[in-house]
Amino acid sequence: MKRSSWTDYQKDIADDNYYYARSCIRQNFFPGSEKAFLNILSKDLGRNIFDDPLHTSCTGIGYHSDIVPLPTIMTVVARQFSLMAEAGYENFTSSCITSFGIYTELLNTWEEFPELEEQTREALYKATGREFAKPKNLAHTSDVIFHHREEIARKAKHRLVNAHTGEPLRVVEHIGCHYAKIFPKSGIGGSEFPYVLAGMVEEWGGEVVDYPERRHCCGFGFRNYLVQANRGYSIANSHKKLESMSPYRPDFIVTNCPGCSMFLDKWQYTIAEMEGTTYGQNGCGIPVLTYEEMAGLVLGYDPWELGMQMHQVDVEPLLGKMGIEYDPSAKYLGRNGKYIGCPESAIVNSRAKETLYKIKR
Amino acid sequence: MKHIVIIGGGIAGMQCAVELSSLGISATVIEKEHATGGKLASWHRLFPSFTPAEDVLGELRLKFAKAANISLRCGVTATEITPRKVTLSTGDELECDAVVLATGFTLFDARIKEEYGYGIYDNVVTSADLEDMFNRGEIVLKNGNKPRRIALLHCVGSRDEKVCQRHCSKVCCVTGVKQAIELKEMFPTADVFNFYMDIRMFGPGYEEMYREAQVKHNVHFVRGRISEVSPTIDGRLQLKAEDTLTGRPLKMSVDMLVLLVGMRANEENAELAARYGLQCQESGFMKPQDNFMHNVESNVEGIFYAGTITSPKSVGETLNEATTVALRIKDWLQKQ
Amino acid sequence: MTFFALFCIPFIVGATLMFLSVVLKYFSWLRQLPTSDMILIAKGIFTPRTLSAVWEIVCESLLHRRIFRRNVVLGYMHMSLAFGWFLLIVVGWLETLSYLGTEWVPLQGHVFFKYFVPLNGIEGHKPLFDNVMDALLLFVLSGVTLAWLKRVRSRLMGMRRTTKHIFFDRIALSALWFVFPLRLLAESITCAIYGGGGFLTGNIGTLLSQHIDADVLMALYEPMWWMYSSALGIFFVAMPFSRYMHIFTEIPLIFLRHYRLRPAAKTKSYDNFEIEACSRCGICIDPCQLQSQLGINDVQSVYFLRDRRYNMLQQKIANNCLMCGRCEAVCPVGINLNTLRQNSRTTMRNIPNEGRYNYLRGIDLSQGEGRVGYFAGCMTLLTPNTMSAMQRIFEAAGEKVWWADKEGSVCCGRPLKLSGESDSAQKMIDYNKSLFEKHNISTLVTSCPICLRVFREDYDLQGIEVLHHSEYILRLLQQGRLKVGYSAEQRYTYHDPCELGRGSGIYDQPRAVIEAVGILLEPKHNRRDSLCCGSSVANTAINDAQQLTIARSVADELEATGAETIVTACPLCKKAIARGTKHSVSDLSEIVAKNLK
Amino acid sequence: MINFGFSINKPRVIDIDNNNLRKSNEIILEMPELQACIGCGSCTASCTAGNLTDFNFRKVHTLVRRGEYQGAYMELNKCMLCGKCRLVCPRGINTRGIVMLIKRKLGDF
């Protein structure tokens with residue numbers, strides 16, 4: 001694909017001194033990714049990043065589910081920004097795409113409607129006694145990794161290449177809808193041909209797969225997942241994407257959105273149970289990685305340290321392809337070598353874990 | 001003898017010069033390219049009669065060459081324009097009695113509608129590219145095969161707020177239907193789909209051509225704008241649109257997508273307006289005094305407009321308007 | 001006496017096969033007749049109807065009176081062949097009788113009597129018979145000549161086009177053309193050798209014997225009889241499978257028709273008698289406007305019946321008919337062409353029990369109250385002028401009216417029935433019928449002849465009188481409940497709607513109404529011969545341009561009368577004709593409403 | 001198979017690539033005038049059945065042309081074949097003929 005248009009959509013990404021805002025979903029489902037991000041920035045790249053224990057959820061899920069009203073979320077977001085200013089930072093980076101979308105949307109809202117900014121300033125002060133502030137630079141954490149992709153490439157221990165054949169790995173990149181579909185200028189490469197993940201993949205030796213449903217939503221859709229009766233819509237979207245990408249035989253999917261990672265991963269299990277369909281090679285699912293996990297593997301992190309045992313679809317086939325050395329049996333050992341429990345075998349993972357790896361308990 | 005400077009050597013400028021000459025007024029045509037003819041020079045055939053553009057342009061060029069008191073300056077631009085004097089990029093100064101602006105339009109750059117993948121995917125072409133292919137007499141896909149299914153998308157860069165083009169470019173619908181017929185004639189077994197928002201068949205013979213495309217050539221018309229184009233694994237293009245007449249989303253893959261690009265006002269129009277006290281319309285096209293009795297006169301005495309500088313027009317309308325300009329100038333000069 | 005020679009074999013075989021197949025066909029058709037038809041036969045057979053049937057057989061099957069009325073030459077051609085041949089057989093039989101008395105003579109003995117005369121040494125000529133038989137042969141030969149001429153120049157017989165025949169018909173036709181010339185030759189050669197014969201065969205025989213060697217004549221003698229016998233044999237074998245089956249079939253058909261058997265909405269065994277009674281004379285082709293205006297040459301009744309008979313009927317042929325009834329009106333055999341076509345469509349399209357139109361339950365869009373109900377019909381809803389004219393007429397007459405469908409209606413069912421889906425049409429019929437009954441009306445007026453026809457034929461509305469608005473208006477005028485102004489300045493011409501005229505026999509009432517308001521000028525084709533507007537709901541095959549072509553031709557004829565206003569009494573005709581003319585086209589009710597006093 | 005309390009919704013999309021267009025092509029070939037439809041909706045507006053039910057002739061034939069045959073036959077069974085649509089069609093389409101043709105093709109008779 002001749003992606004030329006991404007250069008038309010450039011944005012300023014701060015080089016150092018970030019204030020970090022976590023993601024609700026990732027903290028729970030991919031906690032290793034956020035930890036890896038902090039480690040990569042501070043240890044590998046030597047950048048300053050502040051993980052503030054005072055910050056909260058942006059309440060974006062509640063907002064998009066019609067539970068949290070606009071004035072409330074504006075105040076919550078203003079508090080986040082205020083915390084950042086108090087901590088002495090002006091570069092805000094958010095781990096969550098929903099949050100990133102919210103922050104972008106609200107900053108634009110305040111720009112367009114100064115009276116709302118005024119109301120928020122007042123509400124923030126009344127509620128918390130804090131001073132209103134706005135970040136100088138707002139970036140999603142994938143933007144930050146994208147920004148440092150060349151440096152990471154220089155320090156790479158592995159490349160996104162099949163270690164046995166030397167062929168580049170075929171990667172499906174999936175961009176969260178709220179990354180650039182609301183404000184195309186806020187994303188690298190715009191909304192039609194976002195380059196934020198593709199840039200990383202290409203820099204690190206992989207090959208990006210462009211498939212018909214590339215732009216399509218993963219199906220999370222807030223209300224569509226949260227109400228059980230609507231989940232049929234939610235899964236139908238993932239189903240559509242997986243059907244569309246599977247003929248390209250991708251080695252893995254990488255996403256920059258917490259919801260997408262979760263749904264593209266876990267719906268594979270659901271679809272396998274409902275229809276018996278799996279989309280990956282050898283009857284398995286397609287591993288779904290976060291960009292931090294992808295960067296972590298490239299930088300030589302241990303997959304279990306990256307939290308990849310939390311995935312629904314087993315990542316071992318991918319690790320094998322990349323030639324990464326790891327202890328298969330240590331998969332379910334936690335930080336202190338303590339057994340954290342092992343999920344049941346699922347259709348989506350064709351091999352029984354116990355027998356294959358002699359999981360240590 | 002009175003002398004007029006015409007800026008733009010497209011069909012409007014040429015026709016205007018020819019008509020002025022026949023009224024006993026001399027004219028100089030300034031053309032920035034190295035040849036006359038403007039956009040028509042690269043067009044293949046004209047709707048609704050499928051007349052070769054060459055025939056029209058050939059006749060016009062012949063008249064232009066034969067007409068007395070016309071001089072042509074190619075490869076130069078006007079740097080300073082006043083009703084009585086035009087300064088050229090060469091530094092030459094041309095004294096005159098009035099100026100005609102016939103600088104035409106800019107073809108919409110389909111790259112801006114990036115969701116259609118022009119310049120990104122193979123086999124996404126514009127209507128102008130297709131005319132070029134017709135001129136070469138060869139329509140093939142990048143892999144050398146013949147297309148089996150072709151889609152034409154109307155209103156690319158027209159009636160689209162997202163690209164700041166609110167206006168209708170008028171000629172693309174008719175062109176789309178014409179090209180669909182031409183494609184069907186070249187590839188009778190191919191499926192041709194036109195995706196449109198409205199079909200605007202405003203002129204004589206256009207509606208008849210549309211009906212012929214439907215009934216005789218079995219061109220499919222789907223009312224709905226394509227939302228996105230993506231590649232398929234076999235190198236084709238997948239389109240998504242809503243079939244609004246059934247209220248259902250629709251997707252299909254095609255071998256070739258033709259984007260019917262609209263007419264955009266020249267970037268320079270704003271500058272012209274600012275520098276010489278002229279007026280632009282919201283669409284960016286120049287604004288004549290009114291749309292009726294003074295539709296070719298600018299608000300500046302002695303500066304006239306001809307052709308698509310004021311709005312999208314078909315070839316026939318442009319030629320008519322250029323004739324009108326000559327008559328109005330004569331009239332105006334007599335009143336001076 | 002010997003009455004056998006080898007050359008008789010083709011004749012004997014042919015005749016046997018023919019009689020066998022004809023008898024078999026009739027037997028199986030009669031056996032399959034529905035019980036109701038059987039009862040009709042039983043009721044009619046011993047009544048004067050049988051006698052009148054015999055009389056009709058003489059008039060039609062032999063003399064072809066109806067064709068005579070149409071064109072004398074054409075009539076003569078048909079009569080000479082049918083009646084001439086018949087007389088040849090009868091007189092030939094009398095001839096043998098006169099020679100041999102009551103002695104039994106086999107069939108070939110009668111047919112080839114001239115051959116067997118010298119063989120059996122029968123003496124003594126009876127010149128009367130010889131001459132009568134020769135005259136009859138000449139009579140038939142004149143018919144053959146005309147038949148041949150008709151193929152070449154049909155206009156001589158008042159026909160623009162003749163039937164395109166299929167292979168079997170061509171064989172039978174060729175055989176038939178050869179039968180009589182060959183008989184002439186065979187008998188003449190016999191006369192040349194043995195003498196005798198009448199004015200024709202005798203003289204030709206004398207001529208032959210003078211100019212041709214006796215050896216040659218002897219050599220030709222047997223083969224000529226062979227050829228004559230073979231031509232007969234071929235014709236007989238082909239006959240039951242060709243159009244000539246009509247020769248016999250018309251006879252039982254006339255009997256059955258006199259016993260009041262008719263084709264119905266669904267196909268039945270009786271239809272076979274009608275279908276095979278078609279002689280494919282092609283008289284139905286010329287009146288067909290699809291032929292004359294559109295040049296469509298394969299859908300006319302003759303082809304429809306032929307295709308249906310040979311089980312090769314296609315929907316596109318069956319559907320491509322206006323069912324205007326112009327062909328039915330001229331059919332010399334009186335076949336119920338429209339009914340047969342409609343029941344063919346039913347056979348091809350009807351799917352019972354589809355649970356259609358259940359949505360009609362409980363719908364009642366009617367308004368007002370009155371003993372007189374007015375059903376505008378779907379098409380009239382698209383010609384609202386007719387509706388408002390009717391409203392004014394009702395008001396002027398002081399009639400209280402129940403409006404069945406002012407706010408939208410359920411179709412009367414006839415269009416669907418005509419398309420062949422008669423079981424589903426019945427659901428609409430049932431709905432409308434119960435609607436009429438529910439509102440307790442005593443008279444039902446409609447301005448749509450399509451509705452009128454189905455109301456009268458299929459609704460079985462007990463205690464409700466169904467009137468077309470032309471009948472109703474005329475009645476109001478006659479009763480003096482309606483007063484209209486007459487103006488000799490106003491000249492009208494009237495277009496007979498097919499469903500109203502040929503379909504329902506209403507010709508005079510609209511004319512009387514028009515004459516009450518102005519002068520009526522008749523177009524060239526009128527009444528039973530009137531043209532169809534081309535937009536008939538019965539035709540689902542022709543396209544818009546073709547409809548328009550027909551409408552224009554009809555409008556031209558109406559304009560040619562010089563009348564200012566074209567009047568019709570059918571909303572569909574009004575719409576159709578209005579497309580084809582610049583003259584004003586009005587419904588009958590409109591001109592009445594306009595001239596109300 | 002586990003019951004999750006929901007199922008994967010079938011897409012509503014008209015998938016031209018996977019639809020079998022054979023019958024649709026046959027229909028268009030037999031009556032090309034159907035392609036002349038400009039979607040004005042006169043037929044449905046005047047429709048006797050369409051004013052009593054949700055029957056929409058324009059929509060049904062458009063779907064059939066796209067290869068969406070499901071339910072079309074039953075929908076067309078709502079039509080009374082009265083012919084008003086044919087009288088109002090600005091493109092002169094023989095709508096009654098189309099109804100019968102589609103039914104014939106989809107009903108296999």
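The sequence lines fix the lettering, A, B, ..., with proteins before strands; numbering per chain opens at 1.
Between C/P415 and D/R96, the shortest heavy-atom contact is CB-NH2, 3.5 Å. The two atoms that bring D/G92 and C/D544 nearest to each other are O-CB, 3.0 Å, heavy atoms only. Residues D/M80 and C/L360 approach most closely at CE-CD2, 3.8 Å, considering heavy atoms. The minimum heavy-atom distance linking D/L87 with C/K575 is given by the pair CD1-CD, 3.9 Å.
The most heavy-atom pairs under 4.5 Å with chain C, out of D/E33, D/R86, D/M31, come from D/R86. Across C/L382, C/L572, C/L365, the residue that shares the most heavy-atom pairs under 4.5 angstrom with chain D is C/L382.
Only the backbone of C/N539 comes within less than 4.5 Å of a heavy atom of chain D; no side-chain atom from C-beta onward does. When heavy atoms are compared at a cutoff of 4.5 Å, C/L418 does not approach chain D at all. When heavy atoms are compared at a cutoff of 4.5 Å, D/C89 does not approach chain C at all. Both the backbone and the side chain of D/N77 come within contact range of chain C, with heavy atoms under 4.5 Å apart.
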Worked verdict on C/E421 versus D/K103 for side-chain contact (heavy atoms from CB on, under 4.5 Å): CA-CA 11 Å; C/E421 299 175 32; D/K103 280 184 66 177; 2.9 Å; yes
Check against salt bridge (charged side-chain N to carboxylate O under 4.0 Å, His left out), D/E30 and C/K316: CA-CA 10 Å; D/E30 203 160 309; C/K316 63 177 182 198; over 6 Å; no
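C/Y359 places a side-chain N or O within 3.5 Å of a backbone atom of D/K78 that can act as its donor or acceptor partner. Looking at C/R349, its side chain does come within 3.5 Å of a backbone N or O of D/M100 through a donor-acceptor pair. Under the 3.5 Å distance criterion, the side-chain polar atoms of D/N94 are matched with a main-chain donor or acceptor of C/T540.
Within a 6.0 Å radius of CD in D/Q70, no more than 12 heavy atoms belonging to other residues, nucleotides or ligands are found. In D/K59, the NZ atom is not crowded: 12 or fewer heavy atoms of neighbouring residues, nucleotides or ligands sit closer than 6.0 Å.
Atoms CZ and SG, on C/R414 and D/C82 in that order, are 15.0 Å from each other to the nearest 0.5 Å.
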